[in-house]
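Start at 1 and go down the list; that is how both ligands and their atoms are numbered.
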Amino acid sequence: MNLGTVQVAAGEKQSGFLRVPGCGYELPVTVICGSENGKTALVTAGIHSAEYVGIQAAIELASELTPEEVHGTVIIAPLINVSGFSRRTMSMVYEDNKNLNREFPGAVGGTVAQQICHTVAAELITRADFYIDLHSGDGYEDLHTYAYYVGPVDPIVREQAFQMARRVKAGYLVESQSTTGGAYNYANSIGIPAILIERGGQGIWRRSEVDLDKEDVRRILACLGILEGQPDEPPEDQIVFKEAVYENAPVGGCWYPYLQPGDRFENGAVLGEIRDYFGNLLHTCIAKTDGMILYQVTSLTILKDGPMITYGVLPSSSAAPCAQAKA
Ligand SMILES: [Zn+2]
């Protein structure tokens with residue numbers, strides 16, 4: 001396989017860089033080729049450059065996986081937003097302040113973010129049979145571990161992605177209704193089963209979280225037959241949210257969340273408040289359904305029209321938003 005500067009033969013592992021035409025950025029990549037032909041799995045991280053748990057997990061997986069344990073090929077790209085990482089801009093691409101996970105499949109002649117998305121889509125995603133994208137809460141967000149797959153796609157693709165998500169060590173899964181913008185959404189829309197794992201946040205990476213991300217990837221790859229080892233049975237008690245509420249802040253100011261990610265609440269509960277610099281109440285965030293907090297902003301700063309809180313809808317609030325996962 002030739003990928004950027006990487007030339008790798010069966011039974012080899014090589015690392016190098018994939019150049020983004022236009023801006024000229026070089027994305028680090030490692031290709032691990034088993035000695036036997038087989039399926040190709042792609043693992044990416046750092047689409048959001050302050051989501052360090054996934055970045056560190058991908059760096060370590062690239063170092064640790066060997067051709068001897070791989071059947072087929074594993075491609076690992078641990079840092080997609082390279083300019084955001086080196087300049088510590090949280091999620092956004094330094095040059096255009098765009099969120100890469102809103103710009104897929106990108107454009108050759110677009111902004112830097114769109115150029116990066118185009119290269120990732122054309123050179124990485126389209127080579128893959130399966131795709132795992134590692135995320136966290138952003139530098140100003142805390143979250144409860146969960147994984148996304150996409151609902152409104154080809155049923156076979158959806159089921160394969162669902163079975164991948166089932167192997168994530170998380171109590172909750174979210175069936176996304178979006179088929180555009182994000183890397184994993186794009187992959188699913190072109191027939192490549194793909195999931196997004198969310199673990200950690202607030203610009204922190206812990207050894208325990210990195211290890212759990214690595215275990216998830218290994219468990220999924222084993223389940224797909226790409227990595228040696230007996231695939232584990234998925235946990236019995238996962239809850240699937242088929243509906244999530246994404247609340248943006250209607251006004252900027254100071255943000256005071258009342259609950260923690262993972263907390264459950266009832267319809268009508270107060271989830272947080274926005275106040276001005278004198279302590280005057282500007283907005284009260286009221287739950288629209290029974291739910292569980294997936295992630296929320298933890299910085300005192302809250303931006304008008306920016307993310308504030310996201311929760312999964314619990315079943316008592318809707319006809320069929322939530323189901324007990326079945327293996
Ligand atoms: Zn992210």
Side-chain angles (χ1 to χ4, degrees), residues 27 42-59 76-94 96-106 113-114 116-117 120-121 124-125 131-150 161 164-165 168 170 172-188 194-206 209-210 212-214 216-217 241 244 246-248 261 293-299 303 306-312:
L27 313 183
L42 170 66
V43 179
T44 62
I47 279 180
H48 294 142
S49 49
E51 299 179 1
Y52 299 132
V53 173
I55 295 169
Q56 183 59 22
I59 287 171
I76 301 179
L79 182 57
I80 303 298
N81 183 2
V82 285
S83 70
F85 185 86
S86 61
R87 293 178 174 89
R88 214 163 46 193
T89 59
M90 300 288 165
S91 292
M92 302 305 173
V93 171
Y94 174 73
D96 56 17
N97 201 37
K98 286 186 184 297
N99 177 344
L100 286 172
N101 237 20
R102 304 287 179 273
E103 301 295 333
F104 277 86
Q114 291 162 344
I116 293 170
C117 287
V120 171
L124 295 177
I125 292 175
Y131 173 31
I132 304 166
D133 191 21
L134 303 177
H135 285 250
S136 310
D138 206 334
Y140 49 84
E141 289 171 341
D142 192 15
L143 63 72
H144 193 79
T145 303
Y146 65 102
Y148 285 106
Y149 63 101
V150 176
M164 292 164 68
V168 175
Y172 298 90
L173 307 180
V174 176
E175 183 177 295
S176 171
Q177 301 307 311
S178 173
T179 56
T180 59
Y184 89 107
N185 310 87
Y186 170 71
N188 279 296
I195 65 165
L196 187 156
I197 301 174
E198 296 271 21
R199 177 175 286 115
Q202 298 183 294
I204 297 166
W205 65 276
R206 296 181 179 88
E209 294 169 331
V210 169
L212 286 168
D213 259 12
K214 286 160 54 179
D216 283 345
V217 172
F241 292 121
Y246 296 82
E247 287 273 24
N248 285 344
I293 296 174
L294 293 164
Y295 64 91
Q296 65 186 10
V297 169
T298 51
S299 61
L303 304 184
M308 182 169 61
I309 192 163
T310 295
Y311 52 91

Colleague: Are the side chain of Asn101 and the backbone N or O of Gly181 linked by a donor-acceptor pair below 3.5 Å?
Modeller: no
Colleague: Check for a donor-acceptor pair, side chain of Gln177 on one end and backbone N or O of Glu175 on the other, with a separation under 3.5 Å.
Modeller: yes
Colleague: Is there a donor-acceptor pair closer than 3.5 Å between any side-chain N or O of Thr179 and the backbone N or O of Asn185?
Modeller: no
Colleague: May I ask you to decide if Ala194's main-chain N or O and Asn188's side chain share a donor-acceptor pair within less than 3.5 Å?
Modeller: yes
Colleague: For the Zn ion (ligand 1), check which protein N, O or S atoms are under 2.8 Å away and list them.
Modeller: His48 ND1, Glu51 OE1, Glu51 OE2, His135 ND1
Colleague: Hey, does the side chain of Gln296 reach the backbone of Ile309 with a donor-acceptor pair shorter than 3.5 angstrom?
Modeller: no
Colleague: Is the number of heavy atoms from other residues, nucleotides or ligands within 6.0 Å of CZ (Arg87) greater than 12?
Modeller: yes
